[in-house]
Amino acid sequence: MGNSRLIGVGVGPGDPELVTVKGVNCLRAADVVVVPVMDSGDRGRAEATVLHYVPEEKVVRVVFALNERSDRARREAAWDAAGERVAGLLRTHGTVAFATIGDPNVYSTFTYLAQTIEHLVPGTVVETVPGITAMQDLAARSGAVLTEGTEPLTLVPVTAGAGALKDALNGPGTVVAYKFGRLAQEVAAALRETGRLDDAVWGSALGLPDESIRPAAELDGAPLPYLSTLIAPARRDGGRGGKL
């Protein structure tokens, strides 16, 4: 049959119109499209986006322990089971697309899956199709400019703890925080302590009916959706092209 192909397709942050033409073509050309879910009865965001472009019968849910942080053995067992499931699909189908929200090379489940598959089905060709990231979408919807001139950009997953975020906020340039729903209070505190609360903007469910975008100063410490995005723009001293 020749080599099977596993293609990680970034399907963007939620708005189905933000899947690239290449991404749509890959999803349609694949024999099956795998979508990661936390449990099998659960339609995740990747699946909801994919169903705009491919028929339901082509979509296969595979359970990944996306939220299993505490119990390493359980997480590894779940990973192995997920890897075996995808390996089985690759052995019987020429091309398997794996839909991942955002981009497959930015904090994505796909990286681990690809490594597992390289062991289980040697010779599988692994490719990725880039996707629009949540930070790009939040910038577009809120008017926050991510980078100007020579400014750096730092992306911090707050699952690493608020300390890493505070370090970044004390540095130069724009800071983007991902995955901080559970630590919203710590995030607000870090912004306040580093004097970067006023310009920061927060968003979740971008492009979806329950979209929420608001100034970070309005976050009152209540828990937020896990997939929340924050942009704290660089300190810019006014004037057009001030950083050029």
Side-chain angles (χ1 to χ4, degrees), residues 1-68 74-75 77-134 137 204-211 225-227:
M1 185 176 88
N3 285 359
S4 47
R5 288 166 74 220
L6 176 65
I7 306 172
V9 179
V11 296
D15 179 346
E17 288 191 294
L18 289 180
V19 185
T20 65
V21 174
K22 183 169 187 172
V24 171
N25 289 340
C26 277
L27 294 171
R28 288 181 172 156
D31 299 304
V32 286
V33 178
V34 168
V35 292
V37 294
M38 288 201 212
D39 64 67
S40 51
D42 173 36
R43 173 166 294 172
R45 194 173 293 182
E47 180 179 358
T49 305
V50 163
L51 289 175
H52 283 265
Y53 299 107
V54 300
E56 201 160 352
E57 54 271 20
K58 211 166 91 164
V59 177
V60 176
R61 291 178 181 177
V62 175
V63 177
F64 285 82
L66 302 173
N67 56 350
E68 180 61 71
R74 267 179 62 188
R75 188 175 64 216
W79 266 111
D80 291 344
E84 285 294 352
R85 183 83 204 280
V86 176
L89 292 169
L90 279 162
R91 292 185 190 110
T92 52
H93 298 86
T95 303
V96 174
F98 180 90
T100 175
I101 57 168
D103 179 278
N105 293 304
V106 180
Y107 299 126
S108 161
T109 325
F110 183 73
T111 318
Y112 308 106
L113 176 65
Q115 289 164 352
T116 306
I117 289 303
E118 278 161 3
H119 293 296
L120 293 174
V121 194
T124 299
V125 177
V126 176
E127 298 165 23
T128 57
V129 176
I132 303 287
T133 59
D137 198 15
S204 74
L206 303 171
L208 299 169
D210 50 340
E211 169 178 287
Y226 172 64
L227 289 173

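Note that CZ of R91 and OG of S4 are 9.0 Å apart. Values are rounded to the nearest 0.5 Å. Residue I117 holds its CD1 atom at 8.0 Å from CD of E84, rounded to the nearest 0.5 Å. Atom-to-atom distance recorded for R85:CZ and L120:CG is 14.5 Å, nearest 0.5 angstrom. One distance of note links OG of S108 with CG of L113; it measures 8.5 Å at 0.5 Å rounding. The line from CD1 of I101 to OH of Y107 is 14.0 Å long, rounded to the nearest 0.5 Å.
Counting heavy atoms from C-beta outward, V59 and V54 have side chains that approach closer than 4.5 Å. Annotation: side chain of P13 is in contact with side chain of L18 (closest heavy-atom distance under 4.5 Å). Within the 4.5 Å cutoff, the side chain of H52 has no heavy atoms near those of the V19 side chain. In this structure, T109 and W79 have side chains that are in contact, with non-hydrogen atoms separated by less than 4.5 Å.
No option in V34, V11, V37 other than V37 meets the side chain to side chain contact (heavy atoms under 4.5 Å, CB included) test with E47. Partner of V9 under the side chain to side chain contact (heavy atoms under 4.5 Å, CB included) criterion, out of L27, N25, V50: L27 alone. V125 pairs with exactly one of N3, L6, T95, I7 by the side chain to side chain contact (heavy atoms under 4.5 Å, CB included) rule, that one being N3.
The aromatic rings of F64 and F98 sit perpendicular, their planes meeting at an angle over 60°, well past the 30° parallel limit.
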